[in-house]
Novice: 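Shown below is the structure under consideration.
All values derive from a computational prediction rather than experimental measurement. Side-chain atoms are counted along with the backbone in the values below, which use heavy atoms only and exclude waters and symmetry mates.
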Amino acid sequence: MPEGTYRGSVAERSKALDLGSSLFGGVRKPVVMGRNQSSGVTEFILAGFPTLHSMQTELCSIFLLVYLLTLMGNMVIISVVGVDPRLQTPMYFFLGNLSCLEILITSVIIPKMLTNFFSGQHTISFTACIAQFYFYFCLGASEFLLLAIMSVDRYLAVCHPLRYPILMRGAICIRLALVCWAGGLLPVLGPTVVVALLPFCGHDVVIQHFFCDSGPLLRLACTNTKQLEEVDFALASVVIMISLLLTATSYGHIVLAVFRIPSASGRQKAFSTCTSHLMAVTLFYGSAIFLYVRPSQSSSVGTNWAVTVVTTFVTPLMNPVIYTLRNERVKEALRDMLKKGLAACSGHP
């Protein structure tokens, strides 16, 4: 058997995994792995949550429940926005796109993580890992762009209400949405190709995370990745900070405009249209800046997974709650859709 190659049954592989040790409390590592053309690695081991190893079953149950609720909540938003004429506006059109992105981002990570939990294998193929890396970051970049566009939409609605129907007419909204979806594809493509060509060591290729994140993956490379980390830092800074600047500027103008409204009821109504978006933006940007807008990501992988839980589980779950429970128009549309569904089931017109 060539050096660096491991073959055998599931039981044998499990024994091999138990031979290694981890920086994070005894996670199992393989002694050797298979080879591919560039690095000798055909699959990785995802460490998951090694410090919470005794709670694996509980964590799996919680994550499965959160994932199902996230899918259901975002699908409900997409459905109600698509069928209710009262929600055929730019704000809810972009909200539907945001829900689509949330479903895709969580689906890139959580199903594989749950499969590993249930199977006990904790492996991911080299190709699947690179694909997960690419789609997570390109969809994330698209979401940053979309959040910036949504903030501009709120700025125009509050500060330029008379020109708003012209500035944000249907054709323009569709083009802006397409720019957001396509805008995340190209910036991430180059770094993904470089990561795929990196020489990874043939021993102890355990990704200290529950998915193929940038920092933990670069830490496994058998070469100096400082330049690649600098490129990642620059790209993350451009995408996140520019979209954040646009969002902050838009909301700054909104706050100034709201304070100029003479009536208290008018100010409250204007703020109510923006607070939901602002809550979601603060949560998403805060965790993303902590994770990716720093010169070195691989040096602090021990705390990454805890913050990533916020962007992977909490934010996609909270968005439907924030945008529905705090929005009277959406709640009214949901009630009407539910009534129509019950009437159809009972056979009454």
Novice: Walk me through it: do Arg329 and Thr89 pass the test side chain to side chain contact (heavy atoms under 4.5 Å, CB included)?
Specialist: CA-CA 12 Å; Arg329 187 179 295 184; Thr89 64; 4.2 Å; yes

Novice: Do Leu218 and Leu228 pass the side chain to side chain contact (heavy atoms under 4.5 Å, CB included) test, and can you show the C-alpha distance, the side-chain angles, and the key distance before you say yes or no?
Specialist: CA-CA 9 Å; Leu218 292 180; Leu228 182 55; 3.4 Å; yes

Novice: Examine distances only and state if a side-chain atom of Thr312 and a backbone atom of Val309 form a donor-acceptor pair shorter than 3.5 Å.
Specialist: no

Novice: What distance separates Arg219 CZ from His209 NE2, expressed to the nearest 0.5 Å?
Specialist: 12.5 Å

Novice: Mind checking whether Phe313 and Tyr67 have ring centres under 6.0 Å apart?
Specialist: no

Novice: Measure the spacing between SG of Cys222 and CG of Leu198 and express it to the nearest 0.5 Å.
Specialist: 9.5 Å

Novice: I'd like to check Leu235 versus Val188 (side-chain heavy atoms, cut-off strictly below 4.5 Å). Are they in contact?
Specialist: no

Novice: If we only count heavy atoms from C-beta on, is the Tyr92 to Val330 side-chain gap below 4.5 Å?
Specialist: yes

Novice: If you look at every heavy atom in Ile254 and Ser151, which pair is closest and at what distance?
Specialist: CD1-O, 4.4 Å

Novice: For the atom pair CD1 (Ile62) and CG (Leu59), what is the distance rounded to the nearest 0.5 Å?
Specialist: 6.0 Å

Novice: Is Asp336 paired with Arg86 through a side-chain N to carboxylate O contact shorter than 4.0 Å?
Specialist: yes

Novice: Same cluster for Leu68 and Met75 if Ile/Leu/Val/Met/Phe/Trp/Tyr side chains link at under 4.5 Å?
Specialist: yes

Novice: What's the spacing between Gln132 CD and Cys212 SG if we round to 0.5 Å?
Specialist: 4.5 Å

Novice: Hey, is the main chain of Cys180 close enough, under 3.5 Å, to the side chain of Ser142 for a donor-acceptor pair?
Specialist: yes

Novice: Tell me if a side-chain donor or acceptor on Gln88 pairs with a main-chain N or O of Val81 at a distance below 3.5 Å.
Specialist: yes

Novice: When rounded to the nearest 0.5 angstrom, what distance separates OG1 in Thr247 from CD1 in Ile240?
Specialist: 11.5 Å

Novice: Given side chains that start at C-beta, do those of Leu98 and Glu143 come closer than 4.5 Å, heavy atoms only?
Specialist: yes

Novice: Okay, side chain of Asn97, backbone of Phe93: is any donor-acceptor separation there less than 3.5 Å?
Specialist: yes

Novice: Using side-chain heavy atoms (C-beta onward) and a distance below 4.5 Å, is Leu71 in contact with Ser107?
Specialist: yes

Novice: Can you tell which of Leu185, Val195, Leu139 makes a side chain to side chain contact (heavy atoms under 4.5 Å, CB included) with Tyr134?
Specialist: Leu185

Novice: Test of understanding: with ring-ring contact (aromatic ring centres under 6.0 Å, His included), list the residues that count as partners of Phe133, not counting sequence neighbours.
Specialist: Phe137

Novice: Looking at Ile105, Leu104, Thr106, which hits side chain to side chain contact (heavy atoms under 4.5 Å, CB included) with Tyr136?
Specialist: Ile105

Novice: Are Val206 and Gln208 side-chain neighbours, meaning at least one heavy-atom pair lies under 4.5 Å?
Specialist: yes

Novice: Quick one: pull up CG in Asn116 and CZ in Phe210 and give me the separation to the nearest 0.5 Å.
Specialist: 12.5 Å

Novice: Do the side chains of Ser125 and Thr42 get nearer than 4.5 Å, heavy atoms only?
Specialist: no

Novice: Carefully, step by step, assess Met337 and Asp84 under the rule side chain to side chain contact (heavy atoms under 4.5 Å, CB included).
Specialist: CA-CA 8 Å; Met337 189 172 70; Asp84 196 298; over 6 Å; no

Novice: Measure across Leu101 and Leu146 and return the closest heavy-atom pair with its distance rounded to 0.1 Å.
Specialist: CD1-CD2, 3.8 Å

Novice: Check whether any side-chain heavy atom of Met113 lies under 4.5 Å from a side-chain heavy atom of Phe118, and answer yes or no.
Specialist: no

Novice: Fit a plane to each ring of His160 and Tyr155, take the angle between them on a 0 to 90° scale, and name the class: parallel (under 30°), tilted (30 to 60°) or perpendicular (over 60°).
Specialist: perpendicular

Novice: Determine, step by step, whether Thr225 and Thr223 satisfy the side chain to side chain contact (heavy atoms under 4.5 Å, CB included) criterion, reporting the C-alpha distance in whole Å, the side-chain angles of both residues, the deciding distance to 0.1 Å, and the verdict.
Specialist: CA-CA 6 Å; Thr225 60; Thr223 186; 4.3 Å; yes

Novice: Is the backbone N or O of Gly215 less than 3.5 Å from a side-chain atom of Asp213, with the two atoms forming a donor-acceptor pair by type?
Specialist: no

Novice: Can you find a heavy atom in the side chain of Tyr164 that is under 4.5 Å from one in the side chain of Asp153?
Specialist: yes

Novice: Parallel, tilted or perpendicular: which fits the ring planes of Phe144 and Phe284, with parallel below 30° and perpendicular above 60°?
Specialist: tilted

Novice: Just wondering, more than 12 heavy atoms not from Ile166 lying within 6.0 Å of its CD1?
Specialist: no

